[in-house]
There are 2 protein chains.
Amino acid sequence: MSEIVTTTGAGGVQSVERAFDLLEVIAASGGEAMLSELAAATGLALPTIHRLLRTLVATGYVRQLANRRYVLGPGLIRLGEGASRQLGALARTHLATLVHQLGETANMAVLDGDRVLYAAQVPSRHSMRMFTEVGRRAHLHDTGVGKAILAQLTDAAARALVTGAGMPAATAQSFTTPEDLLQDLALIRVRGYAIDDNEQEIGVRCFAMSVPNAPTPTAISVSGPVSRVDDAFGERAVPLLRAAAEAISHDLNRVP
Amino acid sequence: MSEIVTTTGAGGVQSVERAFDLLEVIAASGGEAMLSELAAATGLALPTIHRLLRTLVATGYVRQLANRRYVLGPGLIRLGEGASRQLGALARTHLATLVHQLGETANMAVLDGDRVLYAAQVPSRHSMRMFTEVGRRAHLHDTGVGKAILAQLTDAAARALVTGAGMPAATAQSFTTPEDLLQDLALIRVRGYAIDDNEQEIGVRCFAMSVPNAPTPTAISVSGPVSRVDDAFGERAVPLLRAAAEAISHDLNRVP
DNA sequence: AATAATACTTCCACTATACGGAAACTTCGC
DNA sequence: GCGAAGTTTCCGTATAGTGGAAGTATTATT
């Protein structure tokens, strides 16, 4: 399913890159893989992989079953939580302000490979609200945050990402061809924000904006049912979104 | 705060061990650290750390702020999610058995820093049930799983964790001083399981037991309304909990 | 604003470290 | 039980990583 993943960037420590490649391949194989599968996916020699895995097993980032299969270990949960908290804590106060001002759920998401990863959420007090959860990953082409992130990139880069990931239609409103999507991205660049209008889920609309100068491409959004999130809502939301995006950008690049 | 962390196990790949040591130190420093802090904590030479971090930054597992400070990167969130799902899948069948036998919601949680992280849940079919969700983190001192995990540790370690995290009273039944809690932990060690009796939420009672020999301190529980989860329930639940904990332990420590 | 102090990054020669071919061993399918 | 596929150990080799020293940026001090 996967092929060579090695990213031999100049000055990188080879064995560290390879160790993380192995973890990524295991994750991509549903969290469980055999030694020979890893060899096929990475192109590395068997003894090399075995030695790297032995190190990861000894440190608790990989577990080995009696199958001899390798699975992601609990040590990674800690690190993942730490990373998630790190990114989310910074955003949460600003997202909470948005929720207070607008009354709808606010999210922050980052580009992760060819998907968006929801890194923080402050839910609204409405009972009817989005059920997206922190840690969930979604497609780029049919979410507000995804399109806001794509609009920051060049057309070529955006096209490469969505064609790589595929463009399944979540609803009848979803874009299904790169051409249609690129047209929307051009509009997003001009007006400065993205709208997801029933594209991800029927009945849900969302206003999203990219966070400038983020280390990883990042966007924030407010979303809710179409009955409440209408054009009038958008007029109120856009300036507030911009303020929040700039505040988060400021915090991300803060120099204390 | 930390000191030398290096785990030079025979046959381990040095640079991989060091890279993960760095990640752990960053996580232990609240998700953010300076290069020189890392040097002090690990005892490694500055150029070595710099090179390792550059690799981690290039691969997205660490971010570098404008401060030049290093923080855990979004790539770790993916891996953590994968590991969490992996652990949950293993437990789910055993938790489902418990739910089938007892008719109440079953959970598995792991120690994560100074909190418990719910890693898996199988809800009961009762409409009135716990609303805890996978991925949610809770305090150690007022949950069944938290107390079961604390009881595995020494009094000193348990005290350090709860004083570090604080002991807010969720209900009038919650323990609020380390002394009271340690007394309960002693009881838990003797009888082999923990009871959360209206401590986390009024009306909810929970029986919990630690999973022996888990790579990370882990516990499982069954919980429900006090009307159903009474002493008679406990008498039925405890042997089944023990069987489930041992089955999970068995699976964790490799069985095909 | 200029200077000192501190922290970070690049350079480079050395050698310890990780690599991978070949062989021994284990498990699985038949 | 036997053969095949997969996994682990061994070990000579050379690559890949190491860290002292020097250079550059950033922050603190006067």
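Per chain, numbering begins at 1; letters A, B, ... match sequence-line order.
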Locate the shortest heavy-atom distance separating [X] from [Y]; write the atom from each residue and the value.
| X | Y | result |
| --- | --- | --- |
| A:Gly80 | B:Ile77 | O-CG1, 4.0 Å |
| B:Val222 | B:Ala237 | CG2-CB, 4.3 Å |
| A:Leu52 | A:Ala19 | CD1-N, 4.3 Å |
| A:Leu185 | A:Lys147 | CD2-O, 3.5 Å |

Is the phosphate of [N], meaning OP1 or OP2, less than 4.0 Å from a side-chain N or O of [X]?
| X | N | result |
| --- | --- | --- |
| A:Arg69 | D:dG6 | no |
| B:His50 | C:dC8 | no |
| A:Arg18 | D:dA16 | no |
| B:Gln14 | D:dG19 | no |
| A:Thr48 | C:dC19 | no |

Original post:
Looking for any heavy atom pair under 4.0 Å, which part of the strands does B:Ser15 touch: base, sugar-phosphate only, or nothing?
Top reply: sugar-phosphate

Subject >> Out of D:dG17, D:dT8, C:dC8, whichever nucleotide has its closest atom nearest the side chain of B:Leu46 >> reply: C:dC8

Original post:
Choosing from C:dG20, D:dT8, D:dT9, which nucleotide comes nearest the side chain of A:Gln64?
Top reply: D:dT8

Within this structure, what is the [atom1]-to-[atom2] distance between [X] and [N], rounded to whole angstrom?
| X | N | atom1 | atom2 | result |
| --- | --- | --- | --- | --- |
| B:Leu53 | D:dG17 | CG | C1' | 15 Å |
| A:Met34 | D:dT8 | CE | P | 12 Å |
| B:Leu22 | C:dC8 | CG | P | 13 Å |
| A:Arg54 | C:dT17 | CZ | C1' | 14 Å |
| A:Arg51 | D:dA16 | CZ | C1' | 12 Å |
| B:Leu44 | D:dG19 | CG | P | 7 Å |
| B:Leu35 | D:dG19 | CG | P | 14 Å |
| A:Leu52 | D:dG17 | CG | P | 11 Å |

**OP:** Evaluate side chain to side chain contact (heavy atoms under 4.5 Å, CB included) for B:Thr97 paired with B:His100, printing each intermediate quantity in order.
**Re:** CA-CA 5 Å; B:Thr97 305; B:His100 182 73; 5.6 Å; no

Original post:
Can you check side chain to side chain contact (heavy atoms under 4.5 Å, CB included) on A:Val145 and A:Tyr118, steps first, answer last?
Top reply: CA-CA 9 Å; A:Val145 282; A:Tyr118 285 88; 3.8 Å; yes

**OP:** State whether A:Tyr193 and A:Arg191 meet the cation-pi test: NZ (Lys) or CZ (Arg) under 6.0 Å from the six-membered ring centroid, and within 45° of the perpendicular axis.
**Re:** yes

Original post:
Between B:Tyr70 and A:Ala45, who's closer to the 5' end of DNA chain C by nearest nucleotide?
Top reply: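 The residue whose closest nucleotide sits nearer the 5' end is B:Tyr70.
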
Got a list of protein N/O to nucleotides 22-26 of chain C N/O distances below 3.5 Å?
{"residue": "C:dT26", "atom": "O3'", "partner": "A:Arg68", "partner atom": "NH2", "Å": "3.4"}

**OP:** Answer yes if the ring centres of B:Phe20 and A:Phe20 are under 6.0 angstrom apart, and no otherwise.
**Re:**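 Distance test on ring centres: under 6.0 Å, yes.
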
Original post:
If you find the nucleotide of DNA chain D closest to A:Val16 and the one closest to A:Glu37, which residue's nucleotide is nearer the 5' end?
Top reply: A:Glu37

